[in-house]
Structures are given as structure tokens and as C-alpha cells.
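Some notes on the structure that comes next.
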Amino acid sequence: MSELVKEENRDNAPPIKEGLAAPVQQPLPLAFINGEALIKKPEDLFIPPDALEVILETFEGPLDLLLYLIRKQKFDITTLPIATVTKQYMEYVDTMMALKLELAAEYLLMAAILAEIKSRHLLPKRSDDNEEEDDPRAELIRRLKEYELVKQAAEDLDTQPRLERDIFNAHVEVSESVAPIRIEPDVSLAEIVLAFSAAMKRAEAFEHHTIEREALSTRERMSLILSMLNTSQYTPLERLFTVDEGKAGVVVSFLAILELVKEQLILCIQAGPYAKIHVKLGSHEEN
Amino acid sequence: MKRINTAQLKQLVEAAIFVAEKPISKQQLKETVLNEFTVADSTLSKVIKELKLDYQPRGIQLVEVASGYRFQSLDALSPWLSKLWQENAPKYSRAMLETLALIAYRQPITRGEIEQVRGVAVSSNIIKTLTERDWIKVVGHKEVPGRPALYATTKGFLDYFSMASLSDLPNVDTFESMAESIASDSPLKVLNEAPSE
Amino acid sequence: MKRINTAQLKQLVEAAIFVAEKPISKQQLKETVLNEFTVADSTLSKVIKELKLDYQPRGIQLVEVASGYRFQSLDALSPWLSKLWQENAPKYSRAMLETLALIAYRQPITRGEIEQVRGVAVSSNIIKTLTERDWIKVVGHKEVPGRPALYATTKGFLDYFSMASLSDLPNVDTFESMAESIASDSPLKVLNEAPSE
């Protein structure tokens, strides 16, 4: 143990007014750091009372405060001068408590850990002690090193170029002709057949009359003929037949025309016997 | 006021137009990103002109709109860029399927006739959707009071279902007996339970 | 499948990356704007590489981040570009940054483990804010009593900090080797004896 520190009366210790003002009992060096005696209190230990709340916010917990105390005095973490650090740490904690600042439990827990390490060091070593097993000082050093690493990582992360601060998204408007594409749902042929069947069954049950089922080719031809005709001009009948379809095609067209006449969708006229037949959209009733 | 060389000015103006959320005018550029530099109006105009030329062969273009300058995609690329905003249309309702089926099997047919069979009104939306999909079209008007439109299926409809003509539409009775025979293994009838509108 | 020449492909890819609202991956490009073209992976990579080079001297750069490619302004221009916004970029507290750093470097990690390293409680607000920013997410639960959530960083985190993968984290090698040496100095099981919440 290289450090030698007089135990302080924690309850009566006045808050340190300024860095150079030596407390009453200060004849001994504060600490020996790597063999050198430290007599003066570090100046940064002066804490203006109104700054205490700020300090609580400045430090991210007891590890951060400890790191600050160690680094400020250029101590080496690996040789953690436990007595000095404990003393300074206690001064912070006591002052905060004296000012009745709400102190996070973690600070008090650390105080207890430091006190325990210090008391262990004051006790004579027993030869049969297996120090390696649970040396609280080694554990604290490990935690301090680990925390320091995380602190550094956080600082590095903060300097990493980031959106909104260092880099900005380059965005381009789409030209006006860009329109969202709608993907239409898939329909299967089976769905259509079943839908038709369902509709017809409902109609039959409802209306009690059967609905005739014509050959689809006839109905398709009816649609085709309708789209070829108009209401104002007559179209020669033969234009509705196509030669290359053969006899079957002629039959389908003929059936379609008869059906269209029956449904009063088209009008057929013939000027005289054997004259050409003309058709147009419309019904006889109107003419 | 600092000086800025033309190369740096060009980079800065370019980046500013790209990252600004709205079109940005020369005046706005001078009041924001350029506010600590001495930049002559003519220099700024020259730089913008150069940028316009730089992007001419590219997929995006620097254009001037009412409120300033902005980059926008090349008009000719729109058909493909549109695909970045694809959305799935909802599945067709039972009313939609029945309407389509009636037009397919009973064409040419009026809306009134479809309503007679279905026992309910056919919404204009259904007709509109089927027309927009190019599955149905108006082939004429029935010469009765009101001259209602006669609907038929299109070539697009035949193409979608890989049919050469409407006579390829399955015969309902045959289809049903086939469906029944396999109904025990595969629940085809579930299709009838499609949600209604 | 249609063919597309390299010049057209380049224009289309360039415009698509620019107009997409988020970084876009090669896979997404192939599924959207390029879905009707036959484009070899090598051709697509080549075109992207060319675009990167084209933009190198410009005010914006084509970069690859975790979820794909995006164009972003040159880092060096930020002092001037930030003038385009009235508000300053949000600043994050040390508590938030340390928590985020621990999740980034040590993922997957529980809240208890973060608290052990930092020596203080992690406020629920920090976890909430990081989650809402889409920087961290729960990736599972540790099989210990209480089954605490295991946190990891998201692609959104990498995108925001302009990284393509976790290996781009600053000093990731140093951090890992140092963390190992700390762990080997003293047995890791000591961690278990640290004060619990």
C-alpha cells in the first residue's frame, strides 16, 4: 500500500471553499502518487454550490465521476490510488448530501465499495488469502477500464457523420408523368364460372323461372355485330358474315342476328323481294 | 465576406438544390448557403447554367419551376420509375365477380338486366373498375327508354384468361359436376364464400 | 424480358436511387424499375460503380449504406448546407450515446447488462427514444429469470450514421481487442457479482 491518508471526519468536514485553502488537518501529504507526495489538493476539487446540480448532470454516474477524478490528476487506472480517490469521491458525495441534493443510489453504493476496498487494504494480508479470486480492487479497475472504453465509443459515435447534422439526403422530385402503379388482383376462370353459377341459382330460386342458356359463341357474335353497327346508317347484311369462317361461322352470325332482332336490339329492312337486306341499331317499334 | 472559387460554388449550389426540401431560388441560395460569401449574380447564373448542362445526359435534370430550381427525374423514365410506387388493389368482391360473370356469359347485357338476375343494384364503381381493367366495354345501346348501355367482354378479357373466344368459357353444368367430383379432396366451393362488397 | 442498353440502364438506376424515398438495394431495383429487363448482376454493379465515380467530383455522392444505395451531400459542405434549416440538428445526451454505443458494440445486450457497465440505471425514456427513432430493436430474450429483452441496432441506425455494416463502427477493432484484454485481465464471472438493479 503506497498511499497514506488520514481518516477524515466526514460529518463535520466543511465544504471546500476554494482550491488552495488547506483544510484544518492537513499536515500529511494527501497521497503518494508513484512515489511522489501530493500535498496540495487538486484545484478542480473546488465545487461552487450552485454547480452541484450541474455536476450531477455532468457525470454519468459514479464510474464517470471516478474516472474524472483519476484522469484529472493523471493517475493510472491500473495502479488505482484507492485512498486518494476514495477521499475525493467522498468529498463530492458528502457535499451533495449536505446540500440535500437528491443523490442517485448508485453513488452511495460506489462509496460503500470504495470504503470496503480501502478497509481491506488497511488490514494485514493473510498469507493463505487467495487474493486473485475476488479482489474488489481489480474488479473496480476492470469496470473503470470497461466504462472508459464505452465512454470513448460514445464520443466516437457522436463524431461519426450522421444525417441531419453532417450529411443530408439528396432527394429528387419525380417528373409529373410518374404515377403510382396499381397491381390489379388476380382472378381465376373458376371464380367467374362459380360466380355465374351462384348468381343464376339465386335468380332461379327467387324468380321461379329457368333462364335459357344459349351457346356462348352466339352471344359473343351478338356483341361483335352490335359493335359493328350504328343507329344512323344502315349496314349491308352480308358485311356481317365472313367467308373464311366457313359454314359454321355463317350459322353463328345468322343465329346472332335473329337473336338481336328478337331482343329488339337491331333493325332489319329489305327494300323489296330479293333486294339486299340492311341492318342498323334500333327496334321496329320505334320506327 | 469570404471568397469562394467557382468549383466550390458549383458543388455547394448543386448540393443545396439537392438537399433542399422545396425548389430553391437564387435569392434563397444567397440568403442561406451562400450568405458568408461574395458571389456575383452573374457567377451564380453561370454556375446554374453549367449544372443544367452537366445533367442534360443524365437520368435527372435541373429545371427551373415557379419557386426556384429543383432536380427532377427525366420524363422518359416515368413508366419504370412509377414502379417504385406499386400498390396492390384489393381483391375483387363477390358482386364484382358476379357482374363480370354475367357480362361474360350473357353478353350483350344491360346493367338493368344484371340487376334483375342478381336482385341487387350494380354499383357504378364495379362497372368503372371492370372497364378500367379493359375487361368489359360498351358495345351499343338497347333501344328502349333510357337507351341503356349494352356491355360485352373485350379481347383483353379473353387474353387475360387465355381464351381464343368466348366459346372457350367453361360450360357451367359440366364445370359444376367436375367441381363436385373433386370437391371431396379440394375445397373449391370455398370460392363461393368470397367476401361480398 | 426486354433488353436495355448500358446508357439507359445507368440513367434509370441513377434516377431511381434519386427519387426513392429510402436507400434502395440492388434487389429492390431489380424487383421494381428493372423488373421487365434482363440485367446481369455484374452489369448492375458496373453501372453503380460508374455512377459512384461520376459523382466523385460533385457536391453529392453515391454511397452504400446498410439498406442500400443513396445520394447524400458531401460531408465537407455541412457547415453551409445546415443553414437551409432554421433548427439545429438534434443533439443527443451522453446517457443516450453511451447506451447506443453499448448496444452497437455489444449487441445483443440486455438493459441490465448496459446498467452494469455504465454503473447507473438506464431510463426507460432512452430505450423508448432509441426504439422510436428506429435505431434499436428487441431481437430476442435472454434465457435467464425474467427473460429480459435483448437489444440490437437496426439498419435504420446504420443508415443514419452512414454505415454499410457494423464493421464500419469507429474503432471497432480497437474496441474489440481492448474489451478482450480487459476481460482476460480479470475473470469475466466477476460481472455476475456486480450490483443488480
Side-chain angles (χ1 to χ4, degrees), chain A residues 167-200 202-203 206-207 211 213-231 252 260 263-267 281-283 285-286, chain B residues 15 18-19 21 60 70-75 77-79 81-92 94 97-98 100-102 104-108 116-119 133 137 139-144 150 152-153 160-161 163 165-167 169-170 172-173 175-176 179 188-189 191-192 194:
Chain A
I167 46 181
F168 305 94
N169 258 327
H171 184 72
V172 163
E173 285 300 312
V174 289
S175 101
E176 275 160 24
S177 50
V178 169
I181 288 184
R182 252 172 88 92
I183 300 172
E184 300 295 345
D186 276 328
V187 177
S188 73
L189 200 51
E191 281 175 280
I192 292 181
V193 181
L194 290 169
F196 180 67
S197 159
M200 296 314 269
R202 266 207 324 277
F206 192 64
E207 292 182 9
I211 288 147
R213 295 180 176 177
E214 282 131 320
L216 274 163
S217 49
T218 313
R219 300 214 70 93
E220 183 180 35
R221 189 59 54 102
M222 285 163 69
S223 297
L224 183 70
I225 290 170
L226 279 176
S227 59
M228 288 166 73
L229 302 178
N230 59 58
T231 43
V252 169
L260 286 168
E263 289 187 18
Q264 299 184 4
L265 289 170
I266 61 167
L267 193 63
L281 296 182
S283 65
E285 282 169 11
E286 282 177 18
Chain B
F18 268 120
V19 302
E21 273 132 23
I60 53 162
R70 75 165 188 207
F71 283 96
Q72 67 176 43
S73 66
L74 198 64
D75 210 23
L77 299 173
S78 296
L81 293 179
S82 296
K83 293 180 184 176
L84 287 169
W85 293 271
Q86 280 181 346
E87 51 177 35
N88 285 313
K91 261 191 87 63
Y92 287 155
R94 181 176 171 153
L97 287 171
E98 285 190 9
L100 176 62
L102 283 167
Y105 280 93
R106 310 282 296 163
Q107 61 189 276
Q116 254 178 9
V117 176
R118 294 201 58 235
R133 191 142 188 201
K137 65 175 177 192
V139 288
H141 291 270
K142 194 155 186 168
E143 294 304 327
V144 293
L150 283 160
T153 52
Y160 183 89
F161 293 100
M163 294 186 285
S165 84
L166 273 183
S167 52
L169 259 180
V172 178
D173 297 330
F175 184 87
E176 282 191 330
L188 243 177
K189 62 179 159 99
L191 278 169
N192 284 325

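No experiment lies behind these values; they were computed from the predicted model shown. Lettering of chains follows the sequences in order, A, B, ..., and the numbering in each one begins at 1.
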By side-chain contact (heavy atoms from CB on, under 4.5 Å) - contacts of A:Ile181 (at least two apart): B:Ser82, B:Lys83, B:Gln86
Portion of B:Pro79 that has a non-hydrogen atom of chain A nearer than 4.5 angstrom: backbone
Counterpart residues, ring pair (Phe, Tyr, Trp, His ring centres under 6.0 Å), relative to B:Phe71 (two or more places apart): B:Phe18, B:Tyr55
Counting heavy-atom pairs under 4.5 Å with chain B, the top scorer among A:Leu224, A:Val174, A:Val187, A:Asn169 is A:Val187
In terms of heavy-atom pairs under 4.5 Å with chain A, which of B:Met163, B:Gln72, B:Glu87 leads? B:Glu87
If we ignore angles and hydrogens, is there a donor and acceptor under 3.5 Å between the side chains of B:Tyr92 and A:Asp186? no
May I ask you to name which of B:Ala152, B:Ala15, B:Ser165 has the most heavy-atom pairs under 4.5 Å with chain A? B:Ser165
I need the residue from A:Met228, A:Glu184, A:His171 with the largest number of non-hydrogen atom pairs under 4.5 Å to chain B. A:Glu184
Distance col, row A:Ser175:OG vs B:Asp75:CG, nearest 0.5 angstrom, shows 4.0 Å
As an exercise, state the distance from CZ of B:Arg94 to CD of A:Glu191, rounded to the nearest 0.5 Å. 12.5 Å
Relative to chain A, which segment of B:Leu150 carries a heavy atom at a distance below 4.5 Å: side chain, backbone, both, or neither? side chain
Between B:Leu102 and chain A, with a heavy-atom cut-off of 4.5 Å, which part of the residue counts as in contact: side chain, backbone, both or neither? both
Between the main-chain N or O of B:Leu169 and the side-chain N or O of B:Tyr105, is there a donor-acceptor pair closer than 3.5 Å? no
